[in-house]
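Both ligands and their constituent atoms are indexed starting at 1 by order of listing.
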Amino acid sequence: MMEPKYKRVILKISGEALAGEKHTGLDDEMLRHTALDVKQLADMGVQVAVVVGGGNFWRGRTSGSMDRATADYMGMLATCINALALQDAFEQAGLPTRVQTAIEMKEIAEPYIRRKAVHELEQGCVVIFAAGIGSPYFSTDTTAALRAAEMDADVILLAKKVDAVYDSDPEKNPNAKRYTKLTHQQVLEDNLQVMDSTAASLCRDNKITIHVFGLAEQNAIYRAVTGEAIGTIIE
Ligand code: UDP
């Protein structure tokens with residue numbers, strides 16, 4: 001087994017990545033495959049915290065005429081559905097897993113407590129952070145940046161539907177330029193669609209490395225953690 005490059009990681013999984021080819025809802029195979037990938041990391045001694053999105057069910061900013069804050073709270077609830085699905089898949093793979101939510105729902109998950117999360121990671125549990133940061137007008141990418149800073153993580157592993165950062169959508173533009181390395185500043189200045197500017201500037205200001213890759217690629221998470229140059233590295 002290869003040596004891991006990182007000791008503690010924040011794995012950001014977008015909701016869409018969990019939907020697989022269906023684009024919406026949850027795909028059993030993607031859940032199973034993600035759990036096995038995370039198990040591989042845990043078996044290498046890597047501490048894994050997951051931030052999960054909710055775009056496979058709902059996104060506040062595309063909700064039309066609805067009050068934005070209400071729509072965003074709905075989006076945060078969507079991330080909780082994904083968190084419980086991931087917890088189930090992780091536990092089926094033999095991984096002890098805790099879900100911590102930024103909006104209290106203590107009958108089904110723990111509230112977010114930074115010190116408790118760090119303790120659980122040190123005990124070998126996977127910790128899933130759900131409900132974003134608990135405030136509307138933010139995204140789960142910003143949540144990943146914030147939790148990475150709070151947990152003192154070595155990297156954000158940004159598992160996406162696309163396999164890297166491009167200068168335009170590779171599904172629409174066959175000539176889209178693919179990047180292997182970028183700086184945070186380039187992401188911000190060129191307005192690259194990798195994460196929103198709030199998340200990118202939080203990463204820049206706190207010197208958080210971001211490794212972007214496609215979740216559907218074979219062994220993608222393991223390959224990223226063992227230092228293989230898949231996808232795009234932003235630092
Ligand atoms: N959201 C929010 N505050 C947060 C995180 C998420 O309001 O701190 C809402 C927002 O409406 C967002 C939705 O939750 O559109 C789902 O999150 P996101 O779009 O980041 O999910 P992803 O695109 O990663 O699946």
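The shortest N/O to N/O separation between Gly55 and ligand 1 falls below 3.5 Å. Residue-to-ligand polar distances place Thr140 within reach of ligand 1: an N/O pair is separated by less than 3.5 Å. The N/O atoms of Gly53, backbone and side chain alike, include none that comes under 3.5 Å of an N/O atom in ligand 1. For a threshold of 3.5 Å applied to N or O pairs, the pair formed by Arg59 and ligand 1 contains at least one separation below that value. At least one N or O atom of Asp72, backbone or side chain, sits closer than 3.5 Å to an N or O atom of ligand 1. The shortest N/O to N/O separation between Asp141 and ligand 1 does not fall below 3.5 Å. Considering both main-chain and side-chain atoms, Ile13 never comes within under 3.5 Å of ligand 1 through any nitrogen or oxygen pair. In terms of N/O distances under 3.5 Å, ligand 1 is approached by Gly15.
Scanning the protein heavy atoms around atom 8 (O) of ligand 1, the nearest turns out to be Ile133 N, 2.8 Å. Nearest protein heavy-atom contact of atom 15 (O) of ligand 1 is Gly60 N, 3.2 Å. The protein heavy-atom contact nearest to atom 14 (O) of ligand 1 is Gly75 C, 3.1 Å. Phe138 O, 3.5 Å is the protein heavy atom nearest to atom 4 (C) of ligand 1.
At a threshold of 4.5 Å between non-hydrogen side-chain atoms, the residues Met151 and Gln47 do not count as touching. Side-chain contact between Phe129 and Thr140 is absent, with no heavy atoms from C-beta onward closer than 4.5 Å. Side chains of Lys181 and Glu235 form a contact here, defined as non-hydrogen atoms less than 4.5 Å apart. Looking at Lys12 and Met195, their side chains never come closer than 4.5 Å, going by heavy atoms from C-beta outward. Tyr112 has its side chain out of reach of Ile133: every pair of non-hydrogen atoms, C-beta onward, lies at least 4.5 Å apart.
Contact annotation for Thr143 and ligand 1: only side-chain heavy atoms (C-beta onward) come within less than 4.0 Å of the ligand. Contacts with ligand 1 closer than 4.0 Å are made by no heavy atom of Ala131, backbone or side chain.
Atoms OH and CD1, from Tyr179 and Ile234 in turn, are 11.0 Å apart once rounded to the nearest 0.5 Å. Gln92 CD to Arg32 CZ: the interatomic distance, rounded to the nearest 0.5 Å, is 10.0 Å. With rounding to the nearest 0.5 Å, the separation of CZ in Arg59 from CD in Glu16 is 5.5 Å.
Residue nearest to atom 16 (C) of ligand 1, selected from Gly54, Ser139, Ala199: Gly54 (by heavy-atom distance).
For ligand 1 and Gly132, the ligand atoms under 4.0 Å from any heavy atom of the residue are 4 (C), 5 (C), 8 (O). Close contacts of ligand 1 with Arg61, meaning ligand atoms under 4.0 Å from a residue heavy atom, involve 15 (O), 19 (O). Each of the atoms 7 (O) of ligand 1 lies under 4.0 Å from some heavy atom of Pro136.
Residue contacts with ligand 1: Lys12 is included, with a non-hydrogen atom under 4.0 Å away. Within the structure, ligand 1 has Ser135 among the residues with a heavy atom less than 4.0 angstrom away. Heavy-atom distances between Trp58 and ligand 1 reach below 4.0 Å in at least one pair.
For Lys7, the NZ atom counts as loosely surrounded, since its 6.0 Å shell holds 12 or fewer non-hydrogen atoms of other residues, nucleotides or ligands.
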Might you work through the side-chain contact (heavy atoms from CB on, under 4.5 Å) test for Asp141 and Leu158, ending with a clear yes or no?
-> CA-CA 9 Å; Asp141 284 347; Leu158 201 56; 3.8 Å; yes
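The side chain to side chain contact (heavy atoms under 4.5 Å, CB included) test with Gln40 singles out one residue from Ile221, Val225, Asn219, Thr226, and that residue is Asn219. Between Val155 and the options Ile10, Ile210, Thr209, a side chain to side chain contact (heavy atoms under 4.5 Å, CB included) holds for only Thr209.
Between Lys5 and Asp154 there is no salt bridge, since no side-chain N of the basic residue sits under 4.0 Å from a carboxylate O of the acidic one.
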